[in-house]
Chemist: 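Attaching a single structure in C-alpha cells format; questions to follow.
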Amino acid sequence: MRILLIEDEEVLASVLLKSLTKQHYVVDVVQDGQMGWEYTQSTNYDLLLIDVGLPKLDGITLCQRLRSGGCFTPILLMTAKDGNRERIQGLDAGADDYLIKPLDLEELQARIRALIRRGDRPRTPILEVGALRLDPSSCEVKYNNKLLELTAKEYSLLELFLRNPSRVFSRGDIIEHLWTFDDPPQEETVKSHIKYLRQKLKAAGAVDWIENVYGLGYRLNPGIVEGAGRREQGEKEKSQIPNRDVEQQFKQAMGGLWQQYQGLMVQRLTVLQELAAALSSKTLTKELRQSAEREAHKLAGVLGMFEQDNGTQIARKIEQILGKDGDFSAGEKRQLLSLIEDLGTLINLMGQNADNQISSAIATEISTRLILVDPNPQLGDQLQQLVEGWQQISNLEEAKNFLQTTSPDLVVLNVDDAGWRKESLALLSDLATRTPPVPVLVLAATDELVERVTFAQYGARGFLVKPVTAAQVWDVSSQLLQRTRSLRLNILAVDDDPLILATLRPMLEPWGIRMTGLENPLRFWEILQSTAPDLLILDVEMPHVTGIELCQAVRTDPRWQELPIVFLTAHREMETVQQVFAVGADDYVVKPVVGAELLTRITHRLERSRLLQSLSSKDSLTGLANQFQSNRDLQHLIAQAEKNQQSVCLAILSVTDFRQTNIKYGHQAGNQVLQRWSRLFQLGFCSGEVLGYWGNGEFVMGVSGLTKTEISDRLNDILTTLRQQIFTAFDGDRFQVTCNFAVVEYPSDGLTIQSLYQVAAGRNL
C-alpha cells in the first residue's frame with residue numbers, strides 16, 4: 001500500500017518513514033503542504049498522513065483543497081496541539097482521523113490499518129481467500145496455517161491483489177502502487193517479483209493463483225476449492241473449479257477458426273502455386289502476378305495471428321518480390337519458387353495439426369445471461385415468464401461457485417436470508433471489480449439510507465425493497481442492462497478478409513467489447529449509422545473503397561469527427577503510416593495483429609475519447625450529469641414512461657441562498673457543500689434514477705413508476721442527513737445549509753421538463 005507522508009520536521013519524518021517501511025508500506029515523503037498537493041495530483045495514494053503545521057500550505061487548508069478537488073483518499077492528520085477547535089477544524093475539513101503528538105507508533109499503525117481497510121469499501125481486518133490469510137497487523141502470510149516467507153515487495157504485491165479481488169493490474173498500475181518516485185523500477189522488475197511470488201505460493205499449495213490476463217496484466221484468480229477447502233474424515237478432496245483463462249480461450253477459438261477457414265487459406269496458396277507453375281512454364285501473365293501479390297498480402301496479414309510468424313515472413317517476402325517493377329531475375333525466380341514451396345509445406349502442416357486436435361468449441365453467448373440469487377421459486381418463475389434467459393440459484397454458496405467461472409450480464413441478489421449478508425457483500429465486491437464489472441441489483445428488506453449507502457459502497461448498481469414483483473425487478477434490471485451496455489465498448493471493424501474479422505472477435509469480446517464486422521466496404525455508411533460505434537477499425541487496402549477513403553469520408557461529417565479510428569495494415573513503410581495519419585487516423589496496428597497490442601491501443605484511444613465525453617456530459621465539481629446530459633436522460637425517462645403508461649416523478653432540490661453562502665463563506669466552502677451533497681445523492685439513490693446538477697445549487701432527480709407521495713417518503717432520510725451536515729469555512733467558521741425542494745409528477749403536473757420545472761418553481765423553489 002502506498003502512503004504520502006507530509007511532515008516538515010526531519011527527525012520525526014525519518015522515524016515515521018522507518019516505522020512505516022518496516023510494515024511494508026511504500027512511502028513518499030515531502031516537507032511542505034504545497035509539495036504535498038503536487039504529489040497528490042500526480043499519483044494515487046492509499047492514505048495521506050499530514051501534519052497540521054506545515055509551511056507554504058497548512059494541513060487543514062491542504063485537506064480542504066483535496067476534498068474540494070474530489071479526492072476521497074483517507075486522510076490522517078497529526079497535530080502537536082491538544083485543542084478541540086483544531087481537531088474539529090481538521091475533521092470538518094474532510095480528515096478521517098487525527099493523532100496528537102508525540103505519536104505512539106503502534107497506535108499510528110493501527111489507525112493507518114483501520115483507514116486503509118475502510119477505503120472505498122468496508123473491509124475485514126484479516127485479508128483472506130480460501131486457505132490464504134494475510135494479517136496486516138503482523139505482516140504475516142499463511143497458507144493452510146503454514147507461514148510463507150515473502151520479501152517486502154512480494155508481500156506488498158499479494159496485499160494489493162487481496163485488497164482488490166478480481167481487479168486486473170497492469171505492470172504500470174503495480175509500479176504506481178508499490179514503488180516510490182525515487183525508486184522507479186523497470187517493467188521487467190515487476191515481472192520478476194510476480195514470478196517469485198507465484199513460485200512461493202505454488203510451493204505452499206496455491207498453484208496458479210496469480211493469473212496473467214492476456215493483454216492487460218495480472219489479477220488474483222484462485223479458483224477457490226468448494227467448501228473453503230476443508231476435508232472431513234473419509235471425505236474425498238474436492239477439486240478446484242477450473243477458471244477459463246482468456247488466453248486459452250483465444251487459442252482454442254483460433255484453432256476452430258483455422259479449421260473453419262482452412263479452405264480459404266488453401267485457395268490463396270493455390271493462386272501462388274499457379275504463379276509458380278506459370279514461372280516454370282514461362283506463361284506468367286500480369287493479371288496472375290497481381291492476383292498472387294494480393295493473396296500473398298492477405299496471407300502475410302493472418303498467418304502470424306495463428307502463431308505462424310515464419311509464415312508471415314515468407315508471405316511478406318513473396319509480396320515484396322511480386323510488387324517490384326519489371327521482369328524477375330533468375331535469382332528472384334528461384335527464390336519465389338522456394339518461398340512458395342516452403343509456404344505450402346507450412347500451411348499443409350498446420351492443416352494436419354488442426355485435424356489431429358480435439359477442438360473444444362467456445363460458443364459465443366449472444367443472448368442475455370441473467371442470474372437470480374433468491375430461494376423464492378415463485379419470483380424466478382415469474383421473471384422467466386416475463387423474459388427468457390433467467391437462471392435462478394437458491395443457495396448463495398452455489399451462486400459463488402457458479403459465478404467463479406461465469407460472468408453474467410446482470411445478477412439480482414437477495415441479501416437478507418439467514419447467514420447471507422456478509423457473504424453477499426463479499427460477492428458484491430467481487431462482481432463489481434471484475435473486468436468488465438457485473439451489475440448487481442440488490443433486494444433488501446428495509447429501505448434505510450444506511451443500507452443503500454452500504455450496498456452502494458460495495459458496488460451495487462440497483463436497490464429494491466421487498467416484497468417486490470417480477471415486473472418491478474425486470475423494470476430496474478432492464479434499465480441497468482441498458483446503462484451497462486451503453487458503457488461497454490462498441491467497435492466496428494471493416495476488412496475485406498473474413499478471416500481477419502473472425503480472429504478479431506475472440507481477441508476483443510472476452511473484455512466486454514462488442515464487435516461488428518463488415519467485409520463489404522460499400523455498406524460502410526449504412527452500418528456506421530446503425531451501430532454508432534465507440535471506435536472504428538479500418539483495413540487500408542480493400543476493393544472498391546479503401547480504408548483511407550472511408551476515413552476521409554468520416555472526418556468530413558460533423559457527427560463522426562471525434563470518432564477514434566485505428567487502422568490495420570500489413571504495410572510497414574513510412575509512406576503508408578504518414579498517409580493514414582494525414583487523413584485523420586488516431587493510431588495504426590501492423591498485421592498480423594497481436595491481441596495485447598490491439599487491446600492496449602484501443603484502450604488508450606477510448607480512454608481519451610471517454611475523458612472528452614465525460615468533460616462534456618458531467619459536472620466537474622459534483623460528478624453528476626450536467627444540465628445538458630441530465631435533461632436528455634430525463635427526456636428519455638419520460639419517453640419510456642409514456643410508452644409503458646407509467647408516471648415519472650421529478651424532484652428539484654436547491655441549496656437555500658446558495659449565492660449568499662458563497663459570498664459569506666467563500667466559493668471553496670460552497671464547493672464543499674455541493675460535493676458532499678452529490679456524494680450523498682449518489683450513495684442514496686442507485687436504482688436507476690436520473691441524477692443531475694443544474695448549477696446555482698440546484699440538484700434534480702427523476703424516477704419512473706413512483707407517485708409523489710412515494711418519492712417524498714424516499715427523500716425523507718436523505719433530506720434529514722443533508723440538514724445535519726456541518727461545514728467549515730476557510731476562516732474556521734462553522735455553518736449549516738438547508739434546502740428547498742419540490743416534487744412534481746408527469747403527466748399530471750406537466751408534459752415537458754420545462755413545464756414540470758415551472759410548476760416546481762412555483763411551489764417551494
Side-chain angles (χ1 to χ4, degrees), residues 214-215 246 249-265 267-268 294-295 297-306 361-367 436 485 488-551 553-554 560 563-570 580 585-603 605-606:
Y214 185 60
V246 174
Q249 290 184 43
F250 175 72
K251 290 180 178 179
Q252 291 176 334
M254 293 299 286
L257 286 174
W258 177 261
Q259 291 181 327
Q260 181 180 350
Y261 289 99
Q262 185 175 359
L264 178 61
M265 305 291 277
Q267 287 178 16
R268 293 172 177 173
R294 286 195 300 270
E295 300 306 331
H297 177 80
K298 291 185 180 297
L299 286 170
V302 298
L303 285 173
M305 300 173 76
F306 292 96
I362 300 178
T364 303
E365 295 281 350
I366 300 176
S367 60
R485 284 167 178 164
R488 289 187 179 181
L489 307 181
N490 181 22
I491 288 178
L492 173 60
V494 188
D495 198 305
D496 64 312
D497 190 343
L499 189 50
I500 291 289
L501 296 177
T503 52
L504 288 178
R505 199 174 301 280
M507 286 182 186
L508 303 177
E509 290 192 343
W511 306 109
I513 299 175
R514 294 178 294 169
M515 194 201 88
T516 302
L518 178 63
E519 291 182 47
N520 182 5
L522 295 178
R523 295 189 58 207
F524 169 73
W525 207 255
E526 167 198 348
I527 302 302
L528 178 70
Q529 302 285 339
S530 62
T531 57
D534 300 297
L535 182 138
L536 188 59
I537 297 176
L538 297 176
D539 185 24
V540 172
E541 292 187 7
M542 293 184 290
H544 309 301
V545 184
T546 68
I548 289 173
E549 291 169 335
L550 291 180
C551 184
V554 168
W560 305 108
L563 178 66
I565 299 178
V566 176
F567 270 89
L568 300 183
T569 175
V580 299
D586 295 281
D587 208 343
Y588 77 98
V589 177
V590 177
K591 296 179 182 178
V593 179
V594 178
E597 180 187 5
L598 181 62
L599 280 168
T600 300
R601 292 183 183 272
I602 287 175
T603 301
R605 286 297 124 197
L606 287 169

Chemist: What are the two closest heavy atoms between Asp586 and Leu563, and how far apart are they?
Modeler: OD2-O, 3.8 Å
Chemist: Checking the side chain of Asn490 only, and the main-chain atoms of Asp534 only, is there a donor and an acceptor separated by less than 3.5 Å?
Modeler: no
Chemist: Tell me, with the steps shown, if Leu499 and Met265 meet side-chain contact (heavy atoms from CB on, under 4.5 Å).
Modeler: CA-CA 9 Å; Leu499 189 50; Met265 305 291 277; 3.3 Å; yes
Chemist: Minimum heavy-atom separation for Ala493 to Leu501, with atom names?
Modeler: O-CD2, 3.6 Å
Chemist: Working to the nearest 0.5 Å, report the span between CD1 of Ile491 and CG of Leu535.
Modeler: 5.0 Å
Chemist: At what distance, to the nearest 0.5 angstrom, does CG of Asp587 lie from CD1 of Ile537?
Modeler: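 Result: 11.0 Å between the selected atoms.
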Chemist: So, for Asp539 and Glu541, which heavy atoms are closest and what is the spacing to 0.1 Å?
Modeler: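 Heavy-atom minimum between the residues: OD2-O, 2.7 Å.
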Chemist: Is there side-chain contact between Ile548 and Val540, with at least one heavy-atom pair below 4.5 Å?
Modeler: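 A side-chain contact under 4.5 Å exists here.
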Chemist: Could you tell me the separation between the CZ atom of Arg505 and the OG1 atom of Thr516, rounded to the nearest 0.5 Å?
Modeler: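 With rounding to 0.5 Å, CZ (Arg505) is 7.5 Å from OG1 (Thr516).
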Chemist: Could you go through the side-chain contact (heavy atoms from CB on, under 4.5 Å) check for Phe524 and Val545 one step at a time?
Modeler: CA-CA 10 Å; Phe524 169 73; Val545 184; over 6 Å; no
Chemist: Taking all non-hydrogen atoms of both residues into account, name the closest pair between Thr569 and Tyr588 and its distance.
Modeler: CG2-CD1, 4.1 Å
Chemist: Can you list every side chain to side chain donor-acceptor pair (under 3.5 Å) pair that touches residues 492-502, not counting sequence neighbours?
Modeler: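 Of all non-adjacent pairs touching residues 492-502, those that pass side chain to side chain donor-acceptor pair (under 3.5 Å) are Arg268-Asp497, Lys298-Asp496, Asp495-Lys591.
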Chemist: Quick one: pull up CG in Leu550 and CE in Met542 and give me the separation to the nearest 0.5 Å.
Modeler: 5.0 Å
Chemist: If every non-hydrogen atom of Trp560 is compared with every non-hydrogen atom of Ala532, which pair is closest and at what distance?
Modeler: CH2-CA, 3.8 Å
Chemist: Do you know the tightest heavy-atom contact between Ala553 and Trp525?
Modeler: O-CH2, 3.9 Å
